[in-house]
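Chain identifiers are assigned alphabetically (A, B, ...) following the order of the sequence lines, protein sequences preceding nucleic acid strands; residue numbering begins at 1 within each chain.
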Amino acid sequence: MCGRYVLKITLQELQQKYGATPEGIFTIEENYNVAPSLHMPVIVQQGDQRKIDKYRWGLIPFWAKEINSGYSMINARAESLEQKKSYASPFKSKRCVIPANGFYEWKKAGGEKIPHYITQKRSELINFAGLYEEWKPQKEGEAPIKSFTIITTDANKPISELHDRMPAMLLDEELDIWLDPENKDTDSLKDLLRPWPNDDISFYRVGKEVNSARNSGKQLINPYRDLFS
DNA sequence: CCAGACGTTGTT
DNA sequence: GTCTGG
DNA sequence: CCAGACGTTGTT
DNA sequence: GTCTGG
């Protein structure tokens with residue numbers, strides 16, 4: 001699954017990589033411990049234009065009464081997108097890509113949870129497949145909130161050592177197909193949400209400082225060092 | 001028909 | 001809003 | 001995802 | 001145990 005990730009990139013680099021223009025004025029700060037509820041950069045397509053915007057991590061269904069409705073919609077299972085009421089409609093027309101440099105998974109060992117940092121080998125920047133939604137507060141005059149969720153799929157071979165799920169990730173050449181809001185070919189869209197190739201994943205253990213979302217510095221991705229080795 | 005849920009993961 | 005359960 | 005709080009009244 | 005905050 002995917003509940004924390006890393007983003008260390010400038011807005012300029014994002015524009016260049018995705019050929020996207022920012023919606024409004026905002027800045028991007030590098031964060032080595034991105035946690036749910038933060039507003040993070042996403043790539044969406046409007047018409048034939050790619051846009052960069054910041055949405056909130058944790059999808060809020062458009063019909064929700066309250067922003068904290070008790071749901072935990074930070075991930076969406078690829079296998080059941082069309083069956084789940086909260087995801088069926090965004091899957092049809094509100095697909096997005098969440099840029100990340102890597103992500104964390106916790107491996108259960110006995111009673112312990114051991115954090116690991118995972119990256120792709122070939123690409124410095126990962127394209128998480130996601131869905132977004134726009135939620136309008138009931139109170140008049142309050143700004144709508146756009147939010148997103150990261151799609152998960154079966155873990156590939158290396159990641160299955162840590163966990164049985166992993167985020168769905170896209171090739172650069174698949175982005176046009178995924179982002180096109182006019183694309184209604186859900187069968188081929190689902191085909192994009194496969195486990196990532198085994199030979200393009202690497203990971204290593206990191207220190208427990210990442211456990212607290214209050215920490216966000218670059219030392220969090222330093223390899224774990226046993227004090228007694 | 002109306003009421004109530006609408007999510008994932010992990011653990012039991 | 002839309003689907004499921006009663 | 002994990003960490004941390006989880007409560008009220010009255011007094012300083 | 002469960003919810004909120006980061």
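- Secondary-structure stems of DNA chain B, taken as three or more successive Watson-Crick or G-U wobble pairs (i with j, i+1 with j-1) under a 3.5 Å distance threshold, comprise B:1-6 with C:1-6.
- Comparing the same atom, C1', in B:dG4 and in D:dG7 gives a spacing of 31 Å after rounding to whole Å.
- Side-chain atoms of A:Thr21 and A:Gln15 include no donor-acceptor pair closer than 3.5 Å.
- Going from the C1' atom of B:dT9 to that of D:dC1 covers 10 Å, rounded to whole Å.
- A:Tyr204 and A:Ile114 fall into different hydrophobic clusters, where Ile, Leu, Val, Met, Phe, Trp and Tyr residues are linked whenever their side-chain heavy atoms come under 4.5 Å apart, directly or through other members.
- Put simply, A:Phe26 and A:Val97 are part of the same group of oily side chains (I, L, V, M, F, W, Y) that touch within less than 4.5 Å, one to the next.
- Checked against salt bridge (Lys or Arg N to Asp or Glu O under 4.0 Å), A:Asp176 has the following partners two or more places apart in sequence or in another chain: A:Arg50.
- One atom, CH2 of A:Trp57, and another, C1' of B:dG7, lie 14 Å apart when rounded to the nearest Å.
- When heavy atoms are screened at a 4.0 angstrom cut-off, A:Ala88 is found touching no nucleic acid atom at all.
- How far CE of A:Met169 is from CD1 of A:Ile201: 4.0 Å, rounded to the nearest 0.5 Å.
- Remark: aromatic rings of A:Phe128 and A:Tyr5 are close, center separation under 6.0 Å.
- Taking the C1' atoms as reference points, D:dC2 lies 15 Å from B:dT8, given to the whole Å.
- Between A:Phe128 atom CZ and D:dC1 atom C1' the separation is 12 Å, expressed in whole Å.
- Rounded to whole Å, the distance from CE on A:Met73 to C1' on B:dT9 is 14 Å.
- Checked against side chain to side chain donor-acceptor pair (under 3.5 Å), A:Asp199 has no partners two or more places apart in sequence or in another chain.
- By the side chain to side chain contact (heavy atoms under 4.5 Å, CB included) test, A:Ser93 pairs with A:Lys184, sequence neighbours left out.
- Residue contacts shown for A:Ser86 are limited to sugar-phosphate atoms, with no base heavy atom under 4.0 Å away.
- Taken from CG in A:Leu7 to CG in A:Leu125, the straight-line distance is 7.0 Å, to the nearest 0.5 Å.
- You can see that DNA chain C meets the heavy atoms of chain A within a 4.0 Å-exclusive cut from C:dG1 to C:dC3, reading 5' to 3'.
- Residue contacts for A:Ile74: at a heavy-atom cut-off of 4.0 Å it reaches a base atom on one of the strands shown.
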Show me the protein contacts with nucleotides 3-5 of chain D, counting only N or O atoms at under 3.5 Å.
{"unit_1": "D:dA3", "atom_1": "OP1", "unit_2": "A:Asn211", "atom_2": "ND2", "d": "3.0"}

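- Regarding A:Ile67, its CD1 atom lies at a distance of 20 Å from the P atom of B:dC6, rounded to whole Å.
- Looking at A:Lys17, its side chain never comes within 3.5 Å of a backbone N or O of A:Pro99 through a donor-acceptor pair.
- Distances shorter than 4.0 Å separate some side-chain N or O of A:Lys84 from OP1 or OP2 on B:dT8.
- When the P atom is compared between E:dG1 and B:dT12, the two are found 9 Å apart, to the nearest whole Å.
- In this structure, A:Ile159 places its CD1 atom 16 Å from C1' of B:dT9, rounding to the nearest Å.
- Donor-acceptor pairing under 3.5 Å is lacking for the side chains of A:Tyr132 and A:Asp53.
- A stacked arrangement is assigned to A:Trp63 and the six-membered base ring of B:dC6, with a centre-to-centre distance below 5.5 Å and an interplanar angle below 30°.
- Ring geometry for A:Tyr117 versus A:Tyr104: interplanar angle of 30 to 60°, hence tilted.
- Checking side-chain atoms of A:Glu112 against main-chain N and O of A:Ala109 turns up no donor-acceptor pair under 3.5 Å.
- Residue A:Arg165 places its side chain closer to B:dT9 than to any other of B:dT9, D:dC2, B:dC6.
- Remark: the separation of the P atoms in D:dG10 and E:dT2 is 32 Å, to the nearest Å.
- Atom P of nucleotide D:dC1 and atom CG of A:Asn215 are separated by 19 Å, given to the nearest angstrom.
- A:Tyr104 comes within contact range of no nucleotide atom at all, as no heavy-atom separation falls under 4.0 Å.
- Between the CE atom of A:Met1 and the C1' atom of B:dT8 there is a distance of 5 Å, given to the nearest Å.
- Nucleic acid contact for A:Thr149: none, since no nucleic acid atom lies under 4.0 Å from a heavy atom of the residue.
- Among the protein residues, A:Asn33 comes within range of no part of the nucleic acid, since none of its heavy atoms lies under 4.0 Å from any strand.
- Rounded to an integer number of Å, the gap from CG of A:Asn75 to P of D:dC2 is 12 Å.
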